[in-house]
Structures are given as C-alpha cells and as structure tokens.
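For the single chain, residues carry numbers from 1 onward in sequence order.
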Amino acid sequence: MRDAFRSKTLRQAGYSAGAVVTADTLLDLHGDAHRERRRVENRLFRREIFSYWEHQVLGGTIRATLGPFIDAGYGDLAQIGYRSALSLTATIAGIDHDPTDAPATERLYAIVKVFSEGATIMHSTRDKDVVRSEVREAMATFEADTFQPSLDRRRALVEQVEAGYLDADALPKDVLTTLLSHQERLNLAPDVVLREMCLYLQAGAHSTANAFTHTVDDLLAWGVEHPDDLALARADIGFVQRCMHESLRLNPASPMAYRTPLTDTELGDGTVLPEGSLVVLDLTAANRDVAIFGASGAAFDPHREVPDDIARWGMSFGAGAHACVGAELDGGLEIDPNRPSDEQLFGTDAVMAHAFLEAGGRQDPSNPPKLDPNSTRTHYSSYPVVFG
Ligand code: HEM
C-alpha cells in the first residue's frame, strides 16, 4: 500500500466528484501544481509551529470548549470533540473564530459538515445535485460571514509586512496568511483560496473530532477490564498518546483512499494497475494486517509492540505526496525520554483526551452512546458523559 501511496503515476481520485468544494485544493492537485502548493504550505507545518499550536493555542481552546461542560458536570463527547477540534482547526486554517462563542462554533460546524458531505460526495446516497447546491449555499454564507473578514484582516497585515511596518514574525501562523504571503509565487484565484479554507476546515475538524471520540471510547472500554490502565491514562498524557495511536490505527478517519493510474503502473510486488482504473486503498484492512500487527491486530491493545519501520497508527495519515499535513499536529511525536519536555509533542487528540480524563470524565451510566444511523462508519451521534 505504501508503494501505491508513493507512486507518481497514481493520481488522487477520491475527491473529483466533489469538485464544487475540492477543485484545485491541495488534496486534489497532482504533480508539479501539487508540489508547488505543498512546498508553500509546508512552511507552516513545521515542528516549531506544531509546538506553538500545542503549547500556546490548544490549552486555551480546550479550556474554552471543555470548561463549560466540566462546570456543568455533564456533556456530550461528540459535541465536546467537534467544538474543540473546529476551534483549533479554524485557528490553523486562518479563519477568525472565538472558541468561547459556542453558538458561533455551532453555526460554523453546521457549515463545515456540508463541506464534508460535498468533498465525499462520491459516497453520498442522496441526489448529488441537491448536495452540490447545498454546498454552494453553505460556501456563500461562509464566504460572506466568516471568510471575507478573516481574509481582509490578514491581507492588511501582510501589506504592513511588505511595507516594512510590521515584522513578519508578528503575522498569524495559519494557512491563509501563508498563502497570502506567497501570492506572487502561487498566483491563486480568489475562489481557489476560498476552497482551500473549506478543505482545511473539513479535513482538520472532522478527523480530529472523530479520533478524539474514538480514543476516549476505546480507552474507557479498555479500562473496564484494565482499571489500572485507565487510572494511568487519567494521570499520564504519554500513555494517552499511546492509546490514541492504537485507536487511530483501528479507526482511520478516511477508511479508504482512491487513486487512478495516469498510465499502466507496476508496484514493487509486481501488481499491475491499468491506466484509468480506480484503485481502492483499504486503510482499515492494512491497519489490521496480522502479518504486521499480529493475530490480535483487530483488537485494541495500547501495549502492542509494532515493527520499527511501522507507525503505531498504521496508514491512518496516508503516505507519499498527499500524506496528511496534520499528522504530527494530531499524532504528536513518538515519546523520546531524551527530548526536553517543552519540545515534546503529544498531539492534539492526546491532549484533548487527557484533559477530558483528567477532569474525571466518564460515560454517563444512565444514558448510553448512540451511533449515527446515517453513517456506515462507527460515528457517534451522541455520547453522553459526566465529570467528577
Ligand atoms: C486524526 C486526524 C487526521 C487524520 C486521521 C487524517 C488523515 C488524512 C489522510 C489519510 C490524508 C491523505 C488522503 C489521501 O492520500 O487520499 C490526509 C490528507 C490531508 N490532511 Fe489530514 N488527517 C487528520 C488531521 C488533519 C488536520 C488536523 C489537518 C489540518 C489542520 C489535516 C489536513 C489535511 C490536508 C490539507 C490533507 C491533504 C494533503 C495533500 O493532499 O497534500 N488533516 N489526512
């Protein structure tokens, strides 16, 4: 599978049907155009900036989004997850947003859900033209209410830097500012910049929120048989990170990736993929491969040992040219006792899950979680929790 992800002749094919929101975005570009955009955006997705987001931004976001639920003594894990994940992702994308403003977060979330449905339209069972027109409407609302003011503010700041009135270090550390600062090189049309923001919001928020819910759910279920491990998780974020990696492996946010060969393509093992075919990369199956993860590969076990050249999260962040830009942000760095603590990165999902567990979060015994009836994936529509 890694071979297929890394092949230069396999083109991204999962998002063309959702062109209304994905056309010319990083996710859907190929070859030189992809490389050029990615090179610019990668300036932002660097370790120092991951560290800035995790150490300086995430704590405040979690306090603002989780705090009110802890004070109330109860909440819903799904709601806690997407409020925190969306607020953080908006900061990273460059969309101004106040994490303490819960109604504004809910409104933005409703819009981002429509973007997601548009991006993954190839799987939609609804009338695709109806979905597309809902996406256009959501994009228009987003553009007028949220995107344009964020763009104007950043454009003014970039102009001040260019005129020498402001130091470049004072610019916001986000994708939109990065694109504006390199506009001469990229020459992006305004509608492409808008869709790039829609991509970041939906790619970042949903995967992060789902990974958070699954991590907590897997950990609480494991804790029933292994209470010492649950107690450890409440105290030790390093252990939560290990659980999060295991949970990511079992619940990849995008269970399948799709590619189409631009020419007949032979993989390392001799498999020939014919030009124009649809190649389905099954991340869920790869992540449970017994040859790599052992006979218990389909089960959650945070103490699992994996071979040295295999990531604990399996293929969940993809690989090759389109590998997730947010992998280290969400997954953190493997724990290294020699790394100074201020350089340690546990990953957004571990920090969120640990904050929840540290506050005594647990399932509401009188109100069991409910799976989303409209999804074939394991998505919780509600997951009631209590604190203390
Ligand atoms: C647990 C969290 C996440 C998971 C499991 C995940 C998974 C993935 C996967 C599998 C891909 C590759 C898709 C393909 O090759 O077809 C991808 C790409 C991408 N992800 Fe993530 N992602 C996560 C979080 C994030 C976050 C937090 C952000 C942004 C802040 C983000 C932004 C992106 C972008 C922009 C791409 C496209 C990269 C490219 O095409 O060059 N992701 N992600």
Side-chain angles (χ1 to χ4, degrees), residues 54 58 62 66 76-82 84-85 88 203-256 282-290 292-294 296-306 310-318 324 326-335 345-358 361-363 369 371-372 375 377-383 385:
E54 181 166 317
L58 184 58
I62 293 177
L66 178 64
D76 192 300
L77 202 58
Q79 199 174 37
I80 294 168
Y82 72 68
S84 309
L88 180 71
H206 283 117
S207 342
T208 306
N210 282 330
F212 164 73
T213 315
H214 280 299
T215 299
V216 173
D217 180 44
D218 283 337
L219 230 164
L220 293 178
W222 176 259
V224 174
E225 298 286 322
H226 306 87
D228 290 351
D229 276 353
L230 182 55
L232 178 62
R234 292 194 193 279
D236 176 4
I237 190 170
F239 182 62
V240 177
Q241 184 193 38
R242 224 185 150 103
C243 296
M244 182 262 284
H245 289 169
E246 178 72 348
S247 185
L248 266 176
R249 180 180 71 81
L250 293 172
N251 309 286
S254 316
M256 307 279 178
D282 184 340
L283 275 59
T284 308
N287 285 358
R288 293 162 186 233
D289 187 344
V290 291
I292 295 173
F293 298 102
S296 69
F300 179 86
D301 176 3
H303 302 291
R304 174 183 311 284
E305 292 302 332
V306 299
I310 299 291
R312 288 192 172 281
W313 51 63
M315 298 301 296
S316 287
F317 289 115
C324 181
E328 278 190 12
L329 168 74
D330 269 25
L333 300 170
E334 285 280 342
I335 293 165
L345 285 182
F346 293 105
T348 305
D349 279 306
V351 177
M352 283 165 55
H354 183 248
F356 169 82
L357 293 167
E358 205 180 23
R362 60 204 152 83
Q363 244 188 52
L371 280 173
D372 182 350
S375 177
R377 302 179 185 172
T378 325
H379 283 171
Y380 289 101
S381 53
S382 103
Y383 197 115
V385 291

Chemist: Side chain of His245, backbone of Gly331: donor and acceptor closer than 3.5 Å?
Modeler: yes

Chemist: May I ask you to check whether Tyr383 and Gln79 show a side-chain donor-acceptor distance below 3.5 Å?
Modeler: no

Chemist: If you measure from CD1 on Ile62 to OG on Ser84, what distance do you get to the nearest 0.5 Å?
Modeler: 6.0 Å

Chemist: So which atom in Gly361 and which in Leu220 form the shortest heavy-atom distance, rounded to 0.1 Å?
Modeler: O-CD2, 4.4 Å

Chemist: Report yes or no: does Asn287 contribute a side-chain atom to a donor-acceptor pair with the main-chain N or O of Arg249 at less than 3.5 Å?
Modeler: yes

Chemist: Looking at CD1 of Ile310 and CZ of Phe293, how far apart are the two atoms once the value is rounded to the nearest 0.5 Å?
Modeler: 6.0 Å

Chemist: Hey, is the main chain of Gly347 close enough, under 3.5 Å, to the side chain of Gln241 for a donor-acceptor pair?
Modeler: no

Chemist: What pair of heavy atoms forms the shortest contact from Ser381 to Ala78, and how long is it?
Modeler: O-CB, 4.3 Å

Chemist: Looking only at non-hydrogen atoms, find the nearest pair between Leu283 and Ser254 and report the distance.
Modeler: CD2-O, 3.3 Å

Chemist: How far apart are the C-alpha atoms of His379 and Leu371, what are their side-chain angles, what is the distance that settles it, and do they pass the side-chain contact (heavy atoms from CB on, under 4.5 Å) test?
Modeler: CA-CA 6 Å; His379 283 171; Leu371 280 173; 5.8 Å; no

Chemist: Could you check if a side-chain atom of Met315 sits within less than 4.5 angstrom of a side-chain atom of Pro252, using non-hydrogen atoms only?
Modeler: no

Chemist: Tell me the closest heavy-atom pair linking Pro255 and Ala253, and the distance in Å.
Modeler: CD-O, 3.4 Å

Chemist: Using the rule given for side-chain contact (heavy atoms from CB on, under 4.5 Å), can you reason through Ile80 versus Val385, listing the C-alpha separation, both sets of side-chain angles and the distance that settles it, and then say yes or no?
Modeler: CA-CA 10 Å; Ile80 294 168; Val385 291; 4.2 Å; yes

Chemist: Among Asp236, Ile237, Leu230, which residue meets the side-chain contact (heavy atoms from CB on, under 4.5 Å) test with Leu357?
Modeler: Leu230

Chemist: Given side-chain contact (heavy atoms from CB on, under 4.5 Å), test Leu248 with Phe317 step by step and report yes or no.
Modeler: CA-CA 9 Å; Leu248 266 176; Phe317 289 115; 3.7 Å; yes

Chemist: Please find the pair of heavy atoms, one from Ala233 and one from Val240, that lie closest to each other, and give the distance.
Modeler: O-CG2, 3.2 Å

Chemist: Show me, pair by pair, the donor-acceptor contacts under 3.5 angstrom made by side chains of residues 296-303, not counting sequence neighbours?
Modeler:
residue	atom	partner	partner atom	Å
Ser296	OG	Arg304	NH1	3.2
Asp301	OD1	His303	N	2.8
His303	NE2	Asp229	OD2	2.8

Chemist: Is the backbone of Arg242 close enough, under 3.5 Å, to the side chain of Arg312 for a donor and an acceptor to pair up by distance?
Modeler: no

Chemist: Taking C-beta and beyond as the side chain, do Glu328 and Leu333 meet within less than 4.5 Å on heavy atoms?
Modeler: yes

Chemist: Which heavy atom of Thr215 sits nearest a heavy atom of Ala353, and at what distance?
Modeler: CG2-CB, 4.0 Å

Chemist: Once you measure the plane-to-plane angle for His214 and Tyr380, does it fall in the parallel (<30°), tilted (30-60°) or perpendicular (>60°) bin?
Modeler: tilted

Chemist: Does a side chain donor of either Asn251 or Asp218 reach within less than 3.5 Å of an acceptor in the other side chain?
Modeler: yes

Chemist: Roughly how far, to the nearest 0.5 Å, is the CG atom of Asp217 from the CG atom of Leu77?
Modeler: 8.0 Å

Chemist: Looking at Asp282 and Met256, would you say the former's side chain and the latter's main chain have a donor-acceptor pair under 3.5 Å?
Modeler: no

Chemist: Which of parallel (below 30°), tilted (30 to 60°) and perpendicular (above 60°) describes Trp222 and His226?
Modeler: parallel

Chemist: In terms of side-chain heavy atoms, does Asp330 have a donor or acceptor partner in Ser207 at a distance below 3.5 Å?
Modeler: no

Chemist: Does the side-chain contact (heavy atoms from CB on, under 4.5 Å) test come out yes or no for Thr208 and Tyr82, once each step is laid out?
Modeler: CA-CA 8 Å; Thr208 306; Tyr82 72 68; over 6 Å; no

